Structures are given as C-alpha cells and as structure tokens.
Protein chains: 2
Amino acid sequence: MYPCKLLPSFDDAWCIGDVVVNIDGYSFKYSWLPWLSPYEYGWRAAVASMSDVLAKAAKPLAAVVSLGVRPDDSIHTVLRIVEGVRDSLNTHGAWLLGGDVNRSLEGWIDVATIAVKWAPKILPQTAKPGTLVYATSYRLWYAGLVLHSFYTGKWMEARKVFPKAFERFTRPILPMKFLELVRITPSCIVGASDVSDSLAYTLWNIARQNKLAIKLANVEAPPEVVDYSKRYGVEPLHLLLYGGEEYDIVFAVEKNCSREVEEIASELELEIILLGETVKERTGIYIGGSLVEPRGWRHFA
Amino acid sequence: MYPCKLLPSFDDAWCIGDVVVNIDGYSFKYSWLPWLSPYEYGWRAAVASMSDVLAKAAKPLAAVVSLGVRPDDSIHTVLRIVEGVRDSLNTHGAWLLGGDVNRSLEGWIDVATIAVKWAPKILPQTAKPGTLVYATSYRLWYAGLVLHSFYTGKWMEARKVFPKAFERFTRPILPMKFLELVRITPSCIVGASDVSDSLAYTLWNIARQNKLAIKLANVEAPPEVVDYSKRYGVEPLHLLLYGGEEYDIVFAVEKNCSREVEEIASELELEIILLGETVKERTGIYIGGSLVEPRGWRHFA
C-alpha cells in the first residue's frame with residue numbers, strides 16, 4: 001500500500017489506501033487555557049485530531065494518546081485527561097485504543113486518530129476558481145469571542161455573560177454530519193479544511209495552495225456575538241476571522257450544486273453558512289476591495 | 001469495528017479489526033543520550049514504535065510523528081530528526097505519512113505506527129506454563145553494555161573499544177523476519193513482547209500477567225560482552241537482564257514445536273536464542289533457585 005498522492009505532505013491528515021491518519025499535539029504550558037479542567041483539556045485534544053480527518057470526509061474509528069506528565073501532576077489529573085480523551089472519542093463514535101505515558105517537565109499531549117474513507121472520495125484541501133465557500137457554523141464567532149476575552153484579560157467576566165460561547169468552545173462536538181453531506185453529494189464538494197488556527201489563516205492557506213482569491217460575503221453574526229462586540233468594542237467580523245480552535249469545517253462547493261448542498265444540509269440538520277466565493281484574478285482573502293490579514297489572536301499573546 | 005478483546009489495555013500496542021496501532025513518545029530532556037545525532041534520535045523513536053507492533057506479528061505500514069521543538073532547536077535539527085524517522089520507517093518497509101510540530105520547552109517526540117495483522121493471529125503478551133521462552137538476539141547484551149557504560153560514566157571509552165555494540169544500539173534495525181516466523185508457525189508461538197525497558201522487566205511483566213515463573217537457562221554471552229564485563233567488573237548476565245531499548249522480541253513457544261521453530265528461524269536467518277522455560281509453581285523470574293530483580297539500568301541514574 002502506498003500513501004495517497006492526492007493529499008500533499010503539508011496537509012493536516014494523510015492517507016494510505018482508505019485509511020486516513022492524523023496526529024495533533026500540544027504542550028500543556030503553551031495551550032492549557034486557565035478555565036479548562038483536565039477532562040476538558042483531554043476532550044479538546046481528541047477533537048482537534050478528529051477534526052482533521054473529518055475534514056477529509058473520513059470517519060474516525062479509533063485513536064491512541066501519548067502524554068508527557070509533569071512531576072507535580074497527580075494521578076487524578078492524568079486519569080481525568082485520559083477520560084476526557086476517551087469520552088470525546090466515544091461521543092464521536094470512535095474508540096480510545098491505548099497510549100503511552102512519559103516523564104516531562106512541561107507536560108504534553110499527542111492524539112493520533114485512525115479513520116476510514118467514508119464518502120466516495122477523500123477530500124483534499126483543494127478549491128478551484130468559481131466555487132462557493134461554505135462553513136459549518138457551530139463555533140465560528142464563538143471561539144473568536146472566547147479567545148478575544150482571554151487575550152484582553154476579560155474572560156472571567158465574559159464567561160458569566162456569554163455561557164453559550166464558552167460551552168461551545170470548551171467542550172466542542174464536531175459536525176459529524178458533514179460525513180453524510182459529502183457521501184450524498186460527493187461531486188458537489190471539491191475540497192475542505194478544518195478551522196483550527198483561525199478562519200483567516202484557514203482561508204489564506206486554501207487561497208495560497210490553490211493560487212486563487214476568496215471574496216467574502218456579508219455574513220450575519222449571532223446575537224450574543226453582536227452583544228459582545230458592542231460591549232468590548234470589537235468588530236464581529238474580527239471575531240469571525242481571527243479566532244482559533246473552532247473545529248468547524250470550511251468547504252468548497254460547485255456553484256451549480258449550491259441549492260442541493262444547502263437542502264441536504266438542512267435535511268441533515270447540519271448548520272452551514274455561505275462564506276463567499278473563489279475567484280482567480282488574485283491570491284488572497286478580500287472583503288469588498290480590502291485584503292484580510294492572515295493572522296489569529298495568538299499573535300497578540 | 002470494535003477494539004480487539006484479546007489485547008488487554010495495559011499492552012503496548014492495540015488492535016481494531018486487523019489494524020494494529022502503537023504510539024510511543026519521549027521527552028528530549030529525559031531520553032536523548034549524548035552521542036545520538038538528531039537523525040539517530042529520530043531513527044530510534046520510529047524503531048521504538050514499530051517494535052511494539054512487530055511483537056504482535058503485525059507489519060508496520062505507515063506512521064505519523066509529532067514533535068515538540070525547543071526555542072533553540074535549529075530548522076536543520078528538526079529536519080534531521082524527521083529524516084531519521086522517515087529513513088527508519090522506509091528501511092522497515094513503512095511510510096512516514098505526515099506530522100505535527102509544536103512549540104515546547106523541553107522537546108518531545110511521539111511516533112504513532114499503523115500496522116496490519118500479518119500472521120493468522122495477532123500475538124498477545126501471553127505465555128502459559130510449560131512453554132519455552134525464546135528471544136531474537138540482535139541487541140541483547142549489547143544494549144546493556146552501552147547503557148552500563150553510560151550510567152557508569154565510561155561511554156566515551158567504551159564506544160571506541162566496542163563499536164559493534166554502540167552501532168547496534170544507536171541505529172537499531174528490527175528483526176522483521178519474526179513476522180515470517182509467526183506466519184509459518186502460528187500454532188507454535190503462543191505470545192510475544194518486545195524488550196524495550198530491560199529483559200528483566202519484560203520477563204517480569206509476562207510472569208505477572210500470566211501468573212507463572214520463568215526459569216532462565218544458561219545462555220552464552222557474545223565475546224565482546226565477555227571482554228567488556230571483565231574490563232569493568234560486571235556480570236554478562238547483568239548486561240543481558242538490566243539493559244533497555246533492546247528492541248528485540250521475547251516469545252513463548254510450545255515445547256513440541258521447539259525444533260520446528262528453530263529450524264525455520266535458521267532458514268529465515270533470524271537469530272534466536274532459548275532463554276528458558278515457563279513453570280507454574282511460582283510467579284517470578286528465576287536463575288537456579290534465585291529470584292531475578294525486576295529493574296533496569298535507568299534506576300541507577
């Protein structure tokens with residue numbers, strides 16, 4: 001068996017035959033946000049890994065986890081992280097097979113997910129000019145809200161006022177019905193990527209790799225996000241573009257398929273929004289005539 | 001698909017259907033021996049992960065790697081680690097599919113290997129009373145020699161005098177023909193385990209899990225090891241038992257199969273040695289009447 005040619009090596013998941021694999025890791029020191037319990041931290045690590053295979057239209061079957069454990073971490077902490085990983089996998093229909101535990105100074109977690117091709121094709125991070133760009137929209141904006149409040153030192157306050165945003169951020173559930181959407185409309189969906197660093201980054205990656213521009217449409221923010229943006233003086237659009245760890249999926253759709261894809265998503269009760277469309281004259285992300293910067297909140301930290 | 005019941009969760013590799021998976025990780029800080037180049041360090045990390053699936057009689061197909069990179073690590077260092085991982089996989093007939101790179105203080109590496117069942121059965125870490133215990137013997141003793149010289153501060157000297165031991169330790173190649181041995185004689189081989197912490201530990205694990213004793217035979221050390229043991233005043237047997245990172249395989253063989261297994265190993269040019277036999281009256285590892293301690297060199301560090 002040979003690795004699949006269709007997925008370039010700079011992609012976020014890789015295939016060999018019909019098996020799709022991802023590995024995703026984090027240093028505790030650089031990634032453990034202060035309100036996350038060990039259970040939630042483990043939950044999110046598993047979601048981060050599954051998200052990358054889901055964006056390829058592959059179904060997660062099982063995962064393994066490797067932990068670096070700090071001298072001061074209690075057995076209880078370690079068990080709760082592993083339980084978070086396990087429950088997150090089970091919730092998405094996958095199994096925790098086993099793992100490895102290592103001595104560490106800073107703590108780290110790696111989750112490797114094994115998935116199988118679920119639709120007629122494994123989706124590359126491809127788009128082409130003249131397609132529409134959609135996204136699943138469960139955590140878009142909300143993740144930006146949470147990270148903005150964190151980096152501006154307002155998270156304790158914001159957590160009380162915007163519990164829905166924090167809940168969706170803290171214990172994310174992936175839009176698994178995307179698998180069915182691709183299975184039912186495989187010739188309509190050209191490519192996909194998960195949104196894990198920020199929507200701006202994700203779209204820039206797609207634009208650069210495919211040498212095209214994405215013109216963003218006017219999209220409406222949820223009411224809480226509008227409320228938050230007024231309170232803290234930040235544009236809703238910034239919360240959409242410069243978040244991180246959304247674990248939603250951006251996907252390119254053939255123009256003549258838009259109605260079909262929207263109808264089937266609606267039947268599946270999969271929330272999707274139209275973000276914009278691809279054009280070939282330039283490379284980059286545009287709103288009206290202005291270029292969107294390829295950055296995330298992390299870069300303010 | 002469900003995880004395989006035959007492999008308990010405390011095992012070192014796990015299966016789902018015919019797919020066998022392992023993940024194995026290390027902190028640079030606690031595992032990077034001073035004479036290992038970045039390339040060799042990466043090579044060994046891949047071998048460590050493949051070794052666990054090989055002991056299940058599964059053939060490594062592909063792997064993914066996750067790296068924690070320290071602020072001072074150069075791009076060159078990171079690339080050389082990845083090249084070591086890649087070349088180690090390729091040498092054993094597997095592919096590096098992709099990976100993840102993370103910011104870290106101490107540095108870490110995790111390799112996750114995906115393998116497929118190769119013989120009629122996936123081997124558990126099982127033994128039963130009245131079987132013979134064999135091992136592949138490419139690095140047994142030599143790894144003990146190298147680690148003894150390291151922990152006693154003599155490795156620079158020993159490296160010059162015993163280059164073969166250091167070579168086998170530093171860039172290990174796995175006994176892949178073990179796959180064929182199990183494929184040809186599946187009903188003869190009851191169970192197996194790789195030797196990655198020390199032979200004493202590995203045998204103790206088998207003894208405890210199966211509630212039996214292993215009586216060790218008199219086995220002959222290679223000439224260099226006899227030479228080393230005289231120079232530095234350490235028993236060859238200690239170098240055999242209390243090494244680590246051997247990546248050889250210990251396996252239990254039905255008594256009536258011993259000639260068949262030895263003959264086929266010889267045809268395959270797979271070096272194996274008879275270590276002893278299992279008995280049911282006690283639990284533990286014995287030489288003559290004395291109990292062998294379940295420890296490794298690491299515990300002197």
Side-chain angles (χ1 to χ4, degrees), chain A residues 1-4 7-17 19-31 48-49 52 59 61-70 82 86 93-116 196 298, chain B residues 1-4 7-17 19-31 48-49 52 59 61-70 82 86 89 93-114 116 196 298:
Chain A
M1 261 209 291
Y2 294 92
C4 310
L7 301 180
S9 60
F10 49 75
D11 210 324
D12 296 326
W14 311 277
C15 56
I16 181 160
V19 176
V20 178
V21 190
N22 163 270
I23 190 165
D24 231 343
Y26 301 93
S27 156
F28 290 0
K29 185 175 168 62
Y30 293 117
S31 69
S49 181
D52 285 308
K59 182 174 166 49
L61 284 185
V64 288
V65 60
S66 177
L67 282 174
V69 172
R70 299 164 296 191
V82 173
R86 179 199 64 194
W95 301 95
L96 176 60
L97 292 184
D100 189 26
V101 175
N102 305 280
R103 200 155 58 121
S104 165
L105 279 186
E106 66 188 315
W108 82 79
I109 184 166
D110 270 312
V111 177
T113 300
I114 295 106
V116 282
S196 53
R298 277 164 199 238
Chain B
M1 261 208 294
Y2 294 91
C4 310
L7 302 180
S9 60
F10 49 75
D11 210 323
D12 295 327
W14 312 276
C15 56
I16 179 159
V19 176
V20 178
V21 189
N22 163 270
I23 190 164
D24 231 343
Y26 302 94
S27 155
F28 290 0
K29 184 174 169 63
Y30 294 117
S31 69
S49 181
D52 284 307
K59 182 174 166 50
L61 285 185
V64 289
V65 59
S66 177
L67 283 174
V69 172
R70 298 165 296 190
V82 173
R86 180 199 64 194
L89 289 166
W95 301 96
L96 176 60
L97 292 184
D100 189 26
V101 175
N102 305 280
R103 201 154 58 122
S104 166
L105 277 186
E106 66 189 312
W108 83 79
I109 185 166
D110 270 311
V111 177
T113 300
I114 294 106
V116 283
S196 52
R298 278 163 199 239

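Lettering follows sequence order; numbering is per chain, from 1. Because only heavy atoms are used, hydrogens play no part in the values below, and waters and symmetry mates are left out as well, while side chains stay in. These numbers were taken from a predicted model, which means no experiment stands behind them.
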Requested in this report: Kindly indicate whether the side chain of L105(A), heavy atoms from C-beta on, has any atom under 4.5 Å from the side chain of L105(B).
Outcome: no
Query raised in the report: If you tally heavy-atom pairs under 4.5 Å against chain A, which of I23(B), V19(B), V101(B), N22(B) wins?
Result: I23(B)
Report task. Mind checking the OH-OG spacing from Y26(A) to S66(B)? Nearest 0.5 Å is all I need. Result -> 10.0 Å
Query raised in the report: Parallel, tilted or perpendicular for W108(A) and W108(B), by the 30°/60° rule?
Result: parallel
**Report entry** Residue, of D110(B), I114(B), L96(B), V116(B), that accumulates the most heavy atom pairs under 4.5 Å with chain A
**Finding:** D110(B)
Query raised in the report: By a 4.5 Å heavy-atom criterion (distance strictly below it), what part of N102(A) contacts chain B: side chain, backbone, both, or neither?
Result: side chain
Query raised in the report: Can you tell me how far CD of E106(A) sits from NZ of K29(B), rounded to the nearest 0.5 angstrom?
Result: 11.0 Å
Query - V64(B) versus A112(A), closest heavy-atom pair with distance - result: CG2-CB, 4.4 Å
**Report entry** Largest heavy-atom contact set with chain A, pairs under 4.5 Å, which of D24(B), L67(B), V65(B)
**Finding:** D24(B)
Requested in this report: Identify the two heavy atoms, one from C15(B) and one from L97(A), that lie closest to each other, and give their separation to 0.1 Å.
Outcome: O-CD2, 4.0 Å
Requested in this report: Check each atom of Y2(A) against the heavy atoms of chain B and say whether the ones under 4.5 Å are side chain, backbone, both or neither.
Outcome: both
Query raised in the report: Do R103(A) and S27(B) have side-chain heavy atoms sitting under 4.5 Å apart?
Result: no
